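Heads up, the thing below is written out as structure tokens.
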Amino acid sequence: MPIEFTHIPGKTADAAVPFFYDFAETATKLGLIEDGGFRKIVVDDSAGLLTNMDLATQVLDRTSSLGVVLTHWAGVVEPTVAARQLASIDRKSGGRLALRMIGEPLRDADAETRPVGHTVIWQRIDEYLVLLKRLWSNDRPFDHEGAFYSIKGGYVPRKGPHGADLIIRMGGQSGTALKVAGRHADVFELAPGSIDEVRRLMERVRGAAAEHGRAGKLRFALPVRIHQGASASGPKAVDVAGPPAQAVLSLLAYAALGIDEFMIVGVDTPREIATTGRETIALLRNSLARRESDAFQPGAYAPRAGLETRAAG
């Protein structure tokens with residue numbers, strides 16, 4: 001399966017406002033992201049869930065093929081309301097929407113929506129996702145009385161194109177988080193780490209998914225920061241430094257683990273976006289295409305094992 005690239009917006013060094021708030025520049029950047037080989041963009045604004053939904057709609061309006069990964073958390077909106085809103089965005093997107101579930105709201109102002117205790121947080125997420133999927137698939141109203149939600153006559157008359165198969169993205173490292181992700185996640189967002197650390201986490205996630213017969217259905221995404229100088233601050237990510245050829249070698253070592261997607265952080269100016277698309281993304285895809293072509297030739301992988309080992313170290 002080809003590697004996909006997802007853009008995670010941040011603040012530029014010379015900008016005082018987040019990525020989405022300078023509308024003229026955002027339109028330019030979205031065009032560069034879409035044309036540069038990125039398949040998706042993460043919408044994850046600290047202003048809150050409803051703002052994220054509005055921004056996701058704006059991104060869909062301004063692009064034709066770019067997928068939107070909408071960051072979401074349980075507790076701010078009731079499941080029936082959220083299911084209707086997300087189905088509406090999914091219809092508008094033509095199937096370009098994915099739902100990224102995180103364990104905690106980003107704002108302290110939402111503290112009253114947070115249950116106490118790590119296990120309780122994930123139990124609520126589990127019940128919330130069960131209800132969303134049921135609302136996206138049921139053909140008649142239903143009642144539900146659970147630990148966190150009570151629903152009477154729950155029904156979403158207009159489903160999205162995905163229905164209950166809307167892509168769910170999750171992460172986490174605790175046993176509780178992995179148990180919920182193993183049940184629900186289609187894409188698991190890995191925590192950054194060394195080759196061995198990432199491999200071990202992938203094995204744990206597959207084990208959790210296997211309990212639900214889903215081990216072969218999971219895809220893996222890894223956050224990556226590409227830079228040629230000193231590493232910039234921002235979301236936690238695997239640091240990939242150096243010129244494009246060197247960066248690609250490092251990424252190939254991670255791709256060899258079975259990672260399907262790189263989530264790129266720290267690439268926010270128009271020049272950085274264009275350069276990353278033209279150089280790093282294009283070079284990685286060309287390298288993978290050559291490897292797939294060589295796979296049918298005896299001994300094709302022999303000279304490459306050393307490259308992957310050096311990249312991993």
Side-chain angles (χ1 to χ4, degrees), residues 1-8 37-44 67-72 96-103 122 125-126 129 162 165-226 235-240 247-267 276 280-281 284-285 287-289 291-292 295 304 308-309 311-312:
M1 182 179 292
I3 297 291
E4 293 187 356
F5 287 82
T6 296
H7 186 270
I8 300 183
F38 289 92
R39 293 289 301 276
K40 296 179 286 291
I41 186 169
V42 172
V43 175
D44 187 4
V68 170
V69 178
L70 174 60
T71 302
H72 187 73
R96 288 188 282 148
L97 180 69
L99 186 62
R100 182 178 184 239
M101 292 298 301
I102 61 175
W122 285 98
I125 291 173
D126 182 41
L129 288 174
H162 282 117
D165 295 325
L166 183 73
I167 301 298
I168 304 295
R169 302 170 64 100
M170 304 179 75
Q173 298 185 68
S174 71
T176 303
L178 296 190
K179 181 178 180 180
V180 178
R183 181 180 184 184
H184 295 289
D186 301 294
V187 177
F188 187 88
E189 297 183 2
L190 296 156
S194 67
I195 293 288
D196 286 339
E197 290 170 336
V198 171
R199 180 188 293 113
R200 287 195 293 270
L201 180 55
M202 292 173 69
E203 290 172 353
R204 292 178 62 207
V205 176
R206 288 191 180 105
E211 296 181 8
H212 302 279
R214 305 182 67 251
K217 297 181 180 180
L218 270 176
R219 299 178 64 248
F220 291 95
L222 181 72
V224 172
R225 179 179 290 103
I226 298 175
K236 293 181 179 180
V238 172
D239 277 323
V240 177
V248 166
L249 281 178
S250 297
L251 293 178
L252 285 171
Y254 281 98
L257 298 177
I259 291 171
D260 308 283
E261 176 185 340
F262 291 120
M263 304 174 69
I264 307 300
V265 304
V267 175
T276 299
T280 307
I281 292 178
L284 179 63
R285 285 182 170 156
S287 298
L288 289 171
R291 290 194 173 197
E292 290 177 1
R304 292 185 171 85
E308 291 183 356
T309 301

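Since the structure is predicted, the reported quantities are computational estimates derived from the model, not experimental observations. Below, all heavy atoms of this structure are taken into account, side chains as well, without hydrogens, waters or symmetry copies.
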Would you name the heavy atoms of [X] and [Y] that are closest together and state the gap between them?
X      : Y      : result
Gly172 : Ala177 : CA-CB, 4.0 Å
Leu190 : Pro223 : O-CD, 3.1 Å
Val248 : Ser287 : CG1-OG, 4.0 Å

[atom1] of [X] to [atom2] of [Y]: how many Å apart, nearest 0.5 Å?
X      : Y      : atom1 : atom2 : answer
Thr6   : Ile41  : OG1   : CD1   : 9.5 Å
Leu129 : His72  : CG    : NE2   : 8.0 Å
Ser194 : Arg199 : OG    : CZ    : 8.5 Å
Ile125 : Ile168 : CD1   : CD1   : 11.5 Å
Arg219 : Ile259 : CZ    : CD1   : 11.5 Å
Leu284 : Leu251 : CG    : CG    : 6.0 Å

Evaluate the side-chain contact (heavy atoms from CB on, under 4.5 Å) criterion for residues Val238 and Arg225: first the C-alpha distance (whole Å), next the side-chain angles of each, then the deciding distance (0.1 Å), finally the verdict. CA-CA 6 Å; Val238 172; Arg225 179 179 290 103; over 6 Å; no
Less than 4.5 Å apart, side chain to side chain, heavy atoms only: is that true for [X] and [Y]?
X      : Y      : value
Thr71  : Val42  : yes
Val69  : Ile167 : no
Ile8   : Asp44  : no
Leu201 : Phe188 : yes
Glu261 : Val187 : yes
Trp122 : Met170 : yes
Arg169 : Met101 : no
Val224 : Ile226 : yes

Verdict with supporting geometry, Thr280 and Ile264, side-chain contact (heavy atoms from CB on, under 4.5 Å): CA-CA 11 Å; Thr280 307; Ile264 307 300; over 6 Å; no
Taking the basic N atoms (NZ, or NE/NH1/NH2) and the acidic carboxylate oxygens, is any pair closer than 4.0 Å for Glu189 and Arg100?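 Result for this pair is yes, salt bridge flagged.
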Side-chain ion pair, Asp126 and Arg183, N-O less than 4.0 Å: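 Result for this pair is yes, salt bridge flagged.
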Check the orientation of Phe5 and Phe262. Use parallel for under 30°, tilted for 30 to 60°, and perpendicular for over 60°.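 Tilted.
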Identify all side-chain donor-acceptor contacts of residues 207-215 below 3.5 Å with residues at least two apart in sequence or on another chain.
from   : atom 1 : to     : atom 2 : distance (Å)
Arg214 : NH1    : Gly182 : O      : 2.9
Arg214 : NH1    : Ala185 : O      : 3.0
Arg214 : NH2    : Ala185 : O      : 2.7

N/O donor-acceptor pair under 3.5 Å between Asp260 side chain and Phe220 backbone: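 Side chain of Asp260 to backbone of Phe220: a pair is present.
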Using modelled atom types only, decide if a donor and an acceptor are shared between the side chain of Arg285 and the backbone of Gly37 within a distance under 3.5 Å.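 Indeed, once roles are kept as given, a pair shorter than 3.5 Å links the two residues.
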